[in-house]
Asks: 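Got a structure here, written out as structure tokens. Questions coming.
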Amino acid sequence: MDSTEPQAKVSTLLLAWYDRHRRVLPWRALPGKKADPYRVWLSEIMLQQTTVQAVGPYFKDFLSRWPRVEDLAAAPLDEVLAAWAGLGYYARARNLHKAAKVVAEEMGGKFPDTAEGLRALPGVGPYTAGAIAAIAFDRPEAAMDANAERVVARLFAITAPLPGSKPEIIARGKGLVPQNRAGDFAQAMMDLGSAICTVKRPACGNCPLRALCAAEAQGIAENLPVKGPKTVRPIKRGAAFVVRDRKGAVLLIKRPEKGLLGGMLEPPLGPWTEKFPKPAEALKQAPFEADWKKLPGIVRHVFTHFELEIEAWVAEVKARPSSLWKDAPREILWVDVERLGAVALPTVMKKIITHAIEDEGPLFRKKG
DNA sequence: GAGCCGTGGTC
DNA sequence: TGACCAAGGCT
């Protein structure tokens, strides 16, 4: 798009397209209706780096458990983490709970109605603050997520690679926001990026902004935005120890509150290194002495910045040991098989437990 | 600023 | 099958 082109043309065309093609989503108000700030905030946190499809069942479940922000604030953190289990990026759930307490206890249950005010809540960054301010309060703020960045990079044919070009893209995007219907405009950008201006094979023939798109004019739309080089992902390996008592309950311990899978549960695990521990070495890593048996096969899981391979060791104990390690005691739980789906187990740990317990029927059911 | 932080779908 | 990607934020 020519930089002198009036932004009004973009918003007019995009909003007209949105009025005909807008998606129906659980957290989205019906046309002309006011959005509920609590629902908008909850959905925006869940949608960070997460697909609409994955969020759907979690959003409905959270809203059913905790209909108001005061309900969420009053819930124990462990319950919130258990409900979040499987959605990933667990710091989001901890910050969600923190922010709910702030809003419920310090703001009388009312969310701030400006981007600046929202930005002060834990877990709310520049994108989310703009999105909530626009969608819930109709403030003329930009919501520059990856969709909007892609649309803008193509509209203006910005060929410099991300993330270096991000400031320019965001500045261009802010210049497009209309004074009226800013919330619809923000959601229209996302719907356009999701349905038309896609990463691969964009449907430029159906795009309402085609005539204004500089990248399309140059035939380079699919190549934008350019991204920097990818980093290599190392592989870490280790042993997991799945213990069951005579009733079949599984021993789980709680991870530290900060860092990877913070505050979530796991079976006892050895350290993660380049190579698997040899059997004698693995037995030293076990939480206590028992008749450990190593299972055939490997559990693989991919995290954002490394891959994990786990060999599972299993044992059955007659009595629940009173102590595990001498150092760094951690919270211990024995969880019945039927309750495994109701506690804060991240997906990787569910994989390990599923691998170790070839039981009668599935241990975990997918949400929704 | 760059590294850390999950998971599931897609092609 | 593996690489890429998603309504990013925090430190």
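The figures here come from the full heavy-atom set of this structure, side chains too, leaving out hydrogens, waters and symmetry mates.
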Asks: Can a donor-acceptor pair be found, under 3.5 Å and without considering hydrogens, that links the side chain of A:R255 to the backbone of A:L260?
Replies: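 Side chain of A:R255 to backbone of A:L260: a pair is present.
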
Asks: Go through A:H301 and A:F303 one step at a time and tell me if the ring-ring contact (aromatic ring centres under 6.0 Å, His included) criterion holds.
Replies: CA-CA 7 Å; A:H301 190 78; A:F303 291 99; 4.9 Å; yes

Asks: Is it the case that over 12 heavy atoms from other parts of the model lie below 6.0 angstrom from the CG atom of A:N180?
Replies: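 No, not enclosed.
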
Asks: Take nucleotides 1-11 of chain B nucleotide by nucleotide from the 5' end and write B, S or -, depending on whether a protein heavy atom sits under 4.0 Å from the base, only from the sugar-phosphate, or from neither.
Replies: ---SBBBS---

Asks: Hey, does A:R119 reach any base, or is it just sugar-phosphate, or nothing, if we go heavy atoms under 4.0 Å?
Replies: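 It contacts sugar-phosphate atoms only.
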
Asks: Map A:N95 and A:N147 onto DNA chain C by nearest heavy atom, then report which one ends up closer to the 5' terminus.
Replies: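 It is A:N147, whose closest nucleotide lies nearer the 5' terminus.
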
Asks: State whether A:E316 and A:R244 are salt-bridged, where the test is any N-O pair (Lys NZ or Arg NE/NH1/NH2 against Asp/Glu carboxylate O) under 4.0 Å.
Replies: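 No salt bridge links A:E316 with A:R244.
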
Asks: Taking the nucleotide of DNA chain C with the nearest heavy atom to each, does A:L47 or A:V124 sit closer to the 5' end?
Replies: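 First, find each residue's nearest nucleotide; the 5'-ward one identifies A:L47.
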
Asks: Report yes or no: does A:T198 contribute a side-chain atom to a donor-acceptor pair with the main-chain N or O of A:A195 at less than 3.5 Å?
Replies: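 Between the backbone of A:A195 and the side chain of A:T198 there is no qualifying donor-acceptor contact (under 3.5 Å).
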
Asks: Do A:Q48 and A:R92 have a side chain donor and acceptor closer than 3.5 Å?
Replies: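 Looking only at side-chain atoms, A:R92 and A:Q48 do not form any donor-acceptor pair under 3.5 Å.
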
Asks: Using a strict heavy-atom distance below 4.0 Å, which residues from residues 20-31 of chain A are in contact with DNA chain C?
Replies: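 Only A:R23, A:L25, A:W27, A:R28 qualify.
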
Asks: With rounding to whole Å, what would you report as the distance between B:dG8 and C:dG9 at their P atoms?
Replies: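 Roughly 22 Å separates the two P atoms.
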
Asks: Could you tell me which residues satisfy side-chain hydrogen bond (donor to acceptor under 3.5 Å, both in side chains) with A:D184, sequence neighbours excluded, listed by chain and number?
Replies: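 Testing A:D184 for side-chain hydrogen bond (donor to acceptor under 3.5 Å, both in side chains), a comparison that skips the adjacent residues, returns A:R181.
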
Asks: Apart from A:V302 itself, which Ile, Leu, Val, Met, Phe, Trp or Tyr residues share its cluster (side-chain heavy atoms under 4.5 Å, direct or through members)?
Replies: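 The other cluster members (ILVMFWY side chains, heavy atoms under 4.5 Å, direct or chained): none.
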
Asks: Quick one: how far along DNA chain C does chain A reach, first to last nucleotide 5' to 3', anything under 4.0 Å to a heavy atom?
Replies: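 Result: C:dC4 to C:dC10.
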
Asks: May I ask you to say what A:K258 touches in the nucleic acid, namely base, sugar-phosphate or nothing, with a heavy-atom cut-off under 4.0 Å?
Replies: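 A:K258: no heavy atom of the nucleic acid under 4.0 Å.
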
Asks: In whole Å, measure the gap between the P atoms of C:dA7 and B:dG3 for me.
Replies: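 About 24 Å, rounded to a whole number of Å.
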
Asks: The criterion is side chain to side chain contact (heavy atoms under 4.5 Å, CB included); which residues satisfy it with A:K254, sequence neighbours excluded?
Replies: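 Expected list: A:D78, A:E257, A:L265, A:E331.
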
Asks: What residue among A:V299, A:I310, A:V314 forms side chain to side chain contact (heavy atoms under 4.5 Å, CB included) with A:H355?
Replies: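 Output: one option passes, namely A:V299.
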
Asks: Heavy atoms under 4.0 Å, any strand shown: does A:S194 hit a base, just sugar-phosphate, or nothing?
Replies: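 Answer is nothing: A:S194 stays at 4.0 Å or more from every strand.
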
Asks: Begin from the C-alpha positions of A:L63 and A:W27 and carry the test side-chain contact (heavy atoms from CB on, under 4.5 Å) through to its verdict.
Replies: CA-CA 10 Å; A:L63 209 56; A:W27 45 86; over 6 Å; no

